[in-house]
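Here the structure is laid out as structure tokens; the discussion comes afterwards.
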Amino acid sequence: MGLRTIVLKLNKPSKRKCLVIDEAITNYNRAYRFLLEKAYTELKEIKDAFAGTKGTQNALALSKWVSSERSKELNQFDVQPFKDALKLEVGMTLAGYFRLKALRPGTSFPLANCRTGTEVERLRPVYFCRYDTGRSYCLLYDSEKNRYFAKLHLLNAKHANKVVPQQGDQEGKLTYIHRSAGVVERGKSKEAYIIVPLSFGKYQEEILRASLERPEILRTAKLGRKDGSYYLAISVDTGKAEEIRTETYLGVARGLKNDLCYTVADPEGNVVAAGTLSRTGQTSKNAAVPLDELHKAANSIVEIALEYKSAVILQNLLEKGDRLHWADDFMNSQPIYNCDAYIRMARLLAFKLPEKGLPAPVKVSSVGIFYSCHVCGCNSKLNRFNKDTFICTSCGATLEIEKLGSLNLARKLINYRHSTFKIKVRSADDGVWFISRLIGLNYFVPHHENQIERLREKISLIVDDILLQSSETWNRERNKKASIAKKIRSVPDFMKLIEFV
Amino acid sequence: MSFYLETYFESLSKHKEELCGDKVEIIRNDQSVIIVLADGLGSGVKANILATLTAKIIATMLAGGSDLDEAVETIASTLPVCKERAIAYSTFTILQLFSNGKGYLVEFDNPSIFRLRKGRLQPLETVTRSISGKTVKEARFELEQDDLFVMVSDGVIHAGIGGRLNLGWQWGNVAQFLQNAYKADMSSKAVTKLLLSACTSLYAQRPGDDTTVSAVRVKKPLNLSLMVGPPVYKEQDSQVVAKFLEKEGIKVVCGGTTAQIVARESGKKVVPNFDYFNPAIPPTAEIEGISLVTEGVLTIRRALELIKACTASESTMEDFLNLNNKDGASRLAKMIMDESTNIDIYVGRAMNPAHQNTELPLSLSLKLKLVEEIVHCLRSIGKQVRIEYS
């Protein structure tokens, strides 16, 4: 399944419709908060009652915690059209909370912010959990004018209105984007929905046009308000793109002179292509990078990755920094993409790449990428000669700093595959101790036994154990173990990966 | 105190030129080493002739006891005149270092010499005077152990000009780089290779000028005693081991049986070492008082490969970096190359059935051949090597 989200703007809804939407969002949030508060008082019971076979909880199972009695209580908020959606959302929230709590015990319980007077824009959007012509939401199409509309079921029966179609309304012209392709009939009974025209860009139109042929691609949606306008974000299943087998690595690093710098390396680490990505026209260095520019950069990276069939490797800037900035007596240079811009671009790539059949980008540590020699691997801050130039103090190799960063990124996975892990060897009178905290090895082999063979067998057993452990409860340390275990399993002779110290 | 003066130089020719317009001449005698770096006007054949004549004349005259004024006057009257520029011209730097700790420097239009003392730049104080119309800078100074002198032609300080570095790799930048890259155990060859490697890279593999680096490292004479193989007659064991242990400096034992003999005669234990594992090289061992104990033929053969790679004219920085590996062969090669100046080798000629062909005469036996090749390589780079058979 290749899910993507398209965001459509509700085009100039009338005041009445705005009121209906605002009220629906407020009511939805009040009901959601009501359910979470209830859940908070029963957390322990919920956790135990809905635990799966692995001791973890899934969203669908947790949604059943909202019983029919509790569901009836929600009527006080006039949220009859959203009951199923609320159940699912609460289930998802609780599942996420339990998962996060297992990883970080200090995680606090999420409570919806919907106190009286809270602005609608700060509230959670209304979730439509299904695409349906009779309830929830659906899209409509005016073939004469080539216009699209949304039909949003936001009202309960009590507040439904009798609508008398006016002259000029699209009555008889609007058809459901649905297999039935029925015509929308209005004015016959009270309507618990509103119909609003949509506005969008070319990209979204392409997908909407495809939905006319295949309405089943339209899935769930969310309705929210931002900057005074209303938006409908629809999940669309465009199908999985044909998977591309990657042959090279594309490292994309931040730059000081250019926005971004990229290098494509083959599996041996040789440079296949390299270049820079920069915005055209006047740009202010200190200004935030606009979203459309991030999209353009991400699209360019996708194109390069497609051309060279590359796995994209990005900097992980959430933990340690890359120390790319440069300050001396004369200047203070900051990367053109600050951490926030780079992370936002990485998020765009996380869905843009899979859309084209390429794997999601791999994020690796940025530590030393602008200070480590691309030839000998020497990592020293003395290697940076000036803002733009790298001269290795160990082997004399030189390169532009920006190119160096992307080249080191492109080679990160290759280097990781060839990197060794250390096992401490300690002699004792009657044998040898092999110790590795990384994989949890603390093993004694007597002198009269074949020490290397015994070690090999022991490591195999440890690796089996690590890989058998449930991935649901892994934390950072276990992730490290798992990563090493996978690496050990992936090579024909893992003894070559070991460095005895 | 007397010093061992380790010298090395290397040049890069300007892109598309077959001959280098820089020339280094080194003349050694018992008391001193004279190094002359000359940079001929222009490039190619003409510059090469000018530089060669300058370097040869100055070095030969100074070594023969003439003074600087005579040497410079001779150059001025003998150098061929350039048709285009109507001048006879070659810049030069003369460095004369005496093993008794004195030093003498003359510079004429070349970039100033770099002197690093304990890893920090310490420029030499020069006085200016005129000889035959040429303004030269002179300095007299004292040497200290571990001083490093680096002479460069202007190709070094022009590296990267207009390309990777707008204003080139200026003198101050090169000085900073040398300080950053300085390591106490760096040989003169490693410094030279490193600097030239950086220049090549800054020139994007296309040098825009002839580029030459010559380095001199002032070292305290360091002894290394290497014992390879057991003596032919067992009764000689104690005598040979006693002589070997008596020596000052680094001690290395190569060979399992040899190690057992040294341990037995010195009353110590041989303890296997698990510090480093490399399937290609047998592990090392430890005997108290011995710096390194290795396996025999396989380790020596690999050490010879490493030494050959480093002493070859086409050696690269990677060859030197290989000496930093932790296996027995790399450690042996590093001790011989970087940590010793005078080497005594005690070669035992007892036959090891595993390594011999009975049809071959003794002199061709594998171990001896390997040792002889090591000796040849070391002598070619100026190391004092003494070999004793038992």
Side-chain angles (χ1 to χ4, degrees), chain A residues 257 328-330 371 373-404 407 420-429 431-436 444-445 447 451-452 455-456 493-501, chain B residues 10 12 119 156 159-160 163-170 172-174 176-183 186 190-205 211 213 269 271-280 283-286 316-322 324-327:
Chain A
K257 284 191 294 188
D328 57 25
D329 296 342
F330 310 105
Y371 293 83
C373 179
H374 55 294
V375 176
C376 71
C378 166
N379 178 8
S380 165
K381 65 177 183 181
L382 299 174
N383 288 345
R384 188 155 173 191
F385 172 68
N386 62 20
K387 177 173 88 80
D388 301 318
T389 313
F390 172 93
I391 305 179
C392 178
T393 54
S394 177
C395 72
T398 70
L399 201 64
E400 282 169 45
I401 284 290
E402 293 185 332
K403 284 185 184 169
L404 178 76
L407 176 57
T420 56
F421 70 98
K422 290 174 181 161
I423 289 185
K424 278 187 191 169
V425 185
R426 293 286 171 266
S427 294
D429 288 342
V432 176
W433 282 95
F434 295 100
I435 303 155
S436 167
F444 177 78
V445 187
H447 279 316
Q451 290 160 345
I452 294 296
L455 178 66
R456 187 193 297 272
D493 180 12
F494 64 77
M495 294 303 281
K496 288 178 182 166
L497 296 177
I498 299 172
E499 186 184 343
F500 292 96
V501 292
Chain B
E10 202 168 311
L12 294 174
V156 170
R164 198 156 280 168
L165 300 170
N166 279 341
L167 302 171
W169 206 22
Q170 297 170 44
N173 303 144
V174 180
Q176 189 59 52
F177 177 77
L178 284 170
Q179 290 177 89
N180 289 346
Y182 180 88
K183 288 183 191 79
M186 238 178 165
V191 174
T192 308
K193 288 273 181 196
L194 175 62
L195 210 47
L196 275 186
S197 172
C199 292
T200 312
S201 191
L202 286 170
Y203 274 126
Q205 329 304 328
T211 307
V213 178
K269 265 188 177 178
V271 183
N273 193 343
F274 287 100
D275 280 356
Y276 187 76
F277 175 80
N278 177 350
T284 59
E286 284 170 16
T316 61
M317 268 316 292
E318 202 182 340
D319 298 320
F320 284 86
L321 293 173
N322 284 339
N324 294 329
N325 290 340
K326 293 175 191 168
D327 60 86

Practice prompt. Enter the distance from Thr393(A):OG1 to Leu178(B):CG here, rounded to the nearest 0.5 Å.
Written response: 11.0 Å
Worksheet item: Does any heavy atom of chain B fall under 4.5 Å from the side chain of Cys392(A), the backbone, both, or neither of them?
Response: backbone
Practice prompt. Take Asn173(B) and Asn386(A) through the test side chain to side chain contact (heavy atoms under 4.5 Å, CB included) and record every step on the way to the result.
Written response: CA-CA 10 Å; Asn173(B) 303 144; Asn386(A) 62 20; over 6 Å; no
Item to complete: Check Gly396(A) against Ser201(B) and note the closest heavy-atom contact, atom names and distance.
Response: O-CB, 3.8 Å
Worksheet item: Ser394(A) versus chain B, heavy atoms under 4.5 Å apart: side chain, backbone, both or neither?
Response: both
Discussion item. Tell me whether the count of non-hydrogen atoms from other residues, nucleotides or ligands lying under 6.0 Å of NZ in Lys183(B) goes above 12.
Written reply: yes
Discussion item. Given heavy-atom pairs under 4.5 angstrom as the criterion, report whether the side chain, backbone, both or neither of Leu321(B) touches chain A.
Written reply: side chain
Response to the item:
On a heavy-atom basis, the closest approach of Ala397(A) and Ser197(B) is N-OG, 4.3 Å
Worksheet item: What heavy-atom pair brings Thr398(A) and Arg164(B) nearest, and what distance separates the two atoms?
Response: OG1-NH1, 2.7 Å
Worksheet, complete the sentence: Residue set satisfying side chain to side chain donor-acceptor pair (under 3.5 Å) with Asn322(B), at least two apart, ordered chain then number -> none
Worksheet item: Nearest 0.5 Å, what's the CG-NZ distance between Asn180(B) and Lys381(A)?
Response: 10.0 Å
Worksheet, complete the sentence: Assert top hit (heavy-atom pairs under 4.5 Å, partner chain A, pool Ala190(B), Gly160(B), Ala198(B)) equals Ala198(B)
Worksheet item: Quick one: what part of Leu196(B) sits under 4.5 Å from any heavy atom of chain A, side chain, backbone, both or neither?
Response: neither
Response to the item:
Cut-off 4.5 Å, heavy atoms of chain A, and the answer for Lys193(B) is neither
